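For this chain, numbers begin at 1 and follow the sequence in order. Quick caveat, the model's predicted, so the values are computed rather than measured.
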Amino acid sequence: MAWTVWLLSHPYQGIWHDARIYLVLALNRLLPDAFVRDVWFAFGSQGDLTLFDEAYAALLRVLPPSEAAKAVAMAGGAVWLAGCLVLGARMLGWRCAAAYASLLAILNPSYDLGANLLFVNESFATARPYAMGLALAGMAAWIGGHRAAAGLLFAVALTLHPLMAIGGIACILVLALRDRVVLGLLLLTIAALAVGAWAGVPLLERMDPLWESLVRHTSAIVLPLEASEVGLDRNLWPIALLLLAGRLGAARHRRLYHAVAFVAVWCLLVALVVGLYYPAVLLAQAQVWRVSWLATVVALLAALDIIVTRPIPRRRAAAFGLTVSYLAAGSGLGSALLLAGYATLVAPSALTIVNAVWQTHCSERTRRLIIAAIVVWASVLAYFRFSGNLPTEIEWPLLGVKLEAPSFIAHKLLPALVFLGVWTLTPRIRVVSAWFLLGMALILWDQRTSATRTLEAGYLHDDQALLQALGIRRGDVVYWAGNDLGPWFTLVTAGYAQSVQGIGIVFARPHALTLYTRLRAIGDLSEGRNDTGSGEWSPFDLHAPIYHPSSLSGHGVRTLCADGALDHIIQHRAADGLPAHTIVRRRSHLGAMYVYHCARLRAQNQWPNLTSPD
């Protein structure tokens with residue numbers, strides 16, 4: 001049933017977000033010569049630290065990219081959900097595990113510092129769900145005493161995505177070692193980092209101002225622009241809940257909750273220091289804030305533990321209180337409520353005072369008014385939290401019908417009602433209904449638009465013939481105005497300067513500065529801009545529309561071709577005053593393509609090299 005809920009709450013939208021990066025990493029394994037001059041690969045890439053792209057590349061040998069990405073996304077969701085179920089079952093039993101995994105799929109909380117760009121559930125093809133699911137399964141194996149299985153699961157998770165797996169390993173180490181040893185290792189690590197920074201170790205030095213500014217404006221999930229943009233309450237809420245569960249949860253699980261909270265607190269502190277005050281190269285690249293995914297996931301499990309551990313008459317009150325705190329998280333009050341509750345538990349006198357005030361100084365009418373006020377407040381919080389969703393279209397493939405509904409209703413309320421409806425049925429009817437609904441969910445899961453399907457069908461399809469028609473060789477560097485992914489996926493060759501290449505600039509300074517130099521030159525030459533006229537974009541944001549024009553003028557083409565690293569320029573509109581060297585018309589959805597070969601232009605004229613960034 002949990003799998004059905006996941007499918008309904010996370011429809012597949014195609015190759016977007018970071019799925020683009022993982023696809024090109026896999027293509028680089030298939031055709032390494034094609035991307036060797038691409039700015040994204042020229043200085044190393046995240047693919048150097050993972051084996052995920054090898055497995056993805058093997059799948060691409062038998063499936064087209066559109067189907068391979070879909071298979072990777074679905075399998076990733078399955079691994080993620082399996083990890084949640086295994087950990088939930090190990091701690092609370094299978095019945096609670098199903099409710100926990102379904103709740104986590106429906107809520108789908110984010111886990112970055114404040115940008116709200118990364119979520120614990122992803123329905124597109126990346127390595128993250130695999131690493132997270134395996135890490136959760138590894139924790140379950142360790143708790144169950146299966147040390148060898150836990151080691152194997154963590155090892156595989158590390159090979160797929162080290163940054164996502166390391167948090168689970170850190171928590172297990174805290175569980176396995178004595179408290180004094182953990183504290184000693186922590187202090188030793190802090191001292192080593194401080195001494196290294198003082199001694200001028202390159203990886204511990206502060207990022208230079210230009211690189212830092214580029215990362216802050218382009219990758220807000222890595223370095224927030226300012227303190228006000230950090231979702232402090234949202235990040236403290238799971239930590240506060242873990243501390244509360246360390247007092248109210250089942251006794252056998254309390255040390256685990258404390259271990260996860262301990263790791264999350266220190267990682268959050270490091271992330272805040274690095275993000276706001278001292279962006280050391282190594283610590284910025286380590287992205288320790290990512291451990292908050294684990295804190296969030298385990299915190300929701302801890303919430304269920306608190307509820308089921310309470311006596312039956314108090315479970316409803318516990319569930320209501322935790323729900324209110326969750327709804328308030330992000331408003332500045334969620335973690336405060338939990339921490340206040342924790343304070344009353346650790347200070348018996350405070351708990352006595354609160355209980356006395358409630359029991360002896362509040363009349364029945366006052367209690368009802370307070371409870372009613374809390375209910376109204378929670379309802380308002382819920383409205384503002386979920387009512388802002390944009391409408392979404394649900395396509396029924398078998399009927400050829402499209403229905404429009406708010407995203408909250410389609411991807412949260414409906415899956416929740418499905419789960420609750422099946423949950424209340426008798427066992428025999430529940431099994432039949434679950435299988436029927438799973439079949440329907442599998443049919444409905446692929447919600448790509450027709451335009452997206454057409455676009456993805458052209459990825460890695462007939463690329464050799466298209467390259468020949470355009471007069472381009474595999475491995476040449478191409479700038480394709482108005483088509484950010486065209487060089488990578490349509491031509492399968494190196495890109496000169498694309499918006500998507502701004503991802504991951506924290507991992508290599510030359511990558512960031514080279515891309516900035518090229519995009520700044522393009523922005524200065526822009527004729528037709530994909531710009532909405534807004535002046536809110538920073539010139540250090542490499543995703544800014546000013547850097548990604550729909551076309552260049554003849555002068556712009558000539559000037560850009562002065563860069564010897566660029567081989568060809570493609571655009572869908574002829575450049576004024578400059579005849580195209582190659583023209584391909586009416587090629588499926590691509591339309592007319594005007595190609596300018598930079599080597600020919602450089603042979604006719606001489607220009608000074610492009611300037612370096614200030």
* **Distance, nearest 0.5 Å, that separates CD1 of I15 from CD1 of I21** => 12.5 Å
* Would you say S325's side chain and L337's backbone share a donor-acceptor pair under 3.5 angstrom? -> no
* Proximity of F124 and H17 rings by center, below 6.0 Å -> yes
* Should V24 and F35 count as side-chain neighbours, where that means a heavy-atom distance under 4.5 Å? -> yes
* In Å, rounded to the nearest 0.5 Å, how long is the span from CG of N121 to CZ of R128? -> 12.0 Å
* Minimal non-hydrogen separation, S123 against H10, with atom names -> CB-O, 3.4 Å
* To do: I would like to know whether T559 and D524 meet side chain to side chain contact (heavy atoms under 4.5 Å, CB included); could you show each step before the answer?
  => CA-CA 10 Å; T559 305; D524 292 340; over 6 Å; no
* Asked: Are the side chain of D112 and the backbone of I221 linked by a donor-acceptor contact shorter than 3.5 Å?
  -> no
* Check whether any side-chain heavy atom of V222 lies under 4.5 Å from a side-chain heavy atom of Q287, and answer yes or no. => yes
* **Gap between atom CG of L223 and atom CG of L214 - 0.5 Å precision** => 11.0 Å
* Look only at the side chain of Y130 and the backbone of V72, and say whether a donor-acceptor pair between them is shorter than 3.5 Å. => yes
* Can you list the steps and then say if L185 with L177 is a side chain to side chain contact (heavy atoms under 4.5 Å, CB included)? -> CA-CA 10 Å; L185 290 174; L177 300 175; 3.9 Å; yes
* Is any side-chain heavy atom of Y22 closer than 4.5 Å to a side-chain heavy atom of F52? -> yes
* Just by modelled atom types, is the L117 backbone N or O under 3.5 Å from a matching donor or acceptor in the S110 side chain? -> no
* Taking atom CZ of R473 as the centre, report whether more than 12 heavy atoms of other residues, nucleotides or ligands fall under 6.0 Å from it. => no
* Where the side chain of W40 meets the backbone of I503, is there a donor-acceptor pair that is under 3.5 Å apart? -> yes
* With a 4.5 Å heavy-atom cut-off, do W293 and V297 have their side chains touching? -> yes
* Asked: What are the two closest heavy atoms between A497 and R518, and how far apart are they?
  -> CB-CB, 3.9 Å
* To do: Can you spot which of V492, L59, L60 makes a side-chain contact (heavy atoms from CB on, under 4.5 Å) with P65?
  => L60
Run the side-chain donor-acceptor check on residues 195-209: report pairs under 3.5 Å with partners two or more places apart or on a different chain.
residue, atom, partner, partner atom, Å
R206, NE, E212, OE1, 3.2
R206, NH1, Y277, O, 2.8
R206, NH2, E212, OE1, 3.4
R206, NH2, E212, OE2, 3.3
D208, OD1, L210, N, 3.2
D208, OD1, W211, N, 3.0
D208, OD2, R509, NE, 2.3

* Do any N or O atoms from the side chain of T493 and from the backbone of D476 form a donor-acceptor pair under 3.5 angstrom? -> yes
* Does the distance from a Lys or Arg side-chain N to an Asp or Glu carboxylate O, for R216 and D541, drop under 4.0 Å? -> no
* **N/O donor-acceptor pair under 3.5 Å between R147 side chain and W142 backbone** => yes
* Asked: Are the side chains of P109 and L104 in touch, meaning some heavy atoms are under 4.5 Å apart?
  -> yes
* Give the minimum heavy-atom separation between L243 and A261, together with the two atoms involved. => CD2-CB, 4.2 Å
* **Intermediate values then yes/no, side chain to side chain contact (heavy atoms under 4.5 Å, CB included), L186 and F262** => CA-CA 11 Å; L186 176 64; F262 178 83; 3.8 Å; yes
* Any side-chain heavy atom of W289 within less than 4.5 Å of one from L118? -> yes
* Minimal non-hydrogen separation, P129 against E122, with atom names -> CD-OE1, 3.8 Å
* Please check if the side chain of R254 supplies one atom and the backbone of G249 the other of a donor-acceptor pair under 3.5 Å. => yes
* Asked: Can you name the closest pair of heavy atoms from A240 and S335 and give their distance?
  -> CB-O, 4.0 Å
Counting only pairs under 3.5 Å, give me each side-chain donor-acceptor contact of residues 165-175, with atom names and distances, residues two or more places apart or in other chains.
none

* Asked: Do D38 and Y496 get their side chains close enough for a donor-acceptor pair, meaning under 3.5 Å?
  -> no
* Asked: Taking atom CG of L485 and atom CZ of R20, what is their separation to the nearest 0.5 Å?
  -> 6.0 Å
* **Worked verdict on H253 versus D305 for side-chain hydrogen bond (donor to acceptor under 3.5 Å, both in side chains)** => CA-CA 9 Å; H253 302 147; D305 191 358; 3.2 Å; yes
* To do: Would you name the heavy atoms of A299 and W237 that are closest together and state the gap between them?
  => CB-CZ3, 4.5 Å
* CA sep, side-chain torsions, deciding dist, call: L241, Y257, side chain to side chain contact (heavy atoms under 4.5 Å, CB included) -> CA-CA 9 Å; L241 182 52; Y257 299 143; over 6 Å; no
* Asked: Is there a donor-acceptor pair under 3.5 Å between the side chain of Q501 and the backbone N or O of Q498?
  -> yes
* Asked: Going by heavy atoms in the side chains, are R290 and M132 under 4.5 Å from each other?
  -> no
* Can you find a pair of side-chain heavy atoms, one from L113 and one from L232, that are under 4.5 Å apart? -> no
* **Atom pair OH/CD1 of Y547 and I522 - distance to nearest 0.5 Å** => 10.5 Å
* Asked: Rounded to the nearest 0.5 Å, what separation is found between the CG atom of L333 and the CG atom of L338?
  -> 11.0 Å
* State whether the side chain of R29 and the backbone N or O of A55 hold a donor-acceptor pair below 3.5 Å, judged by distance alone. => no
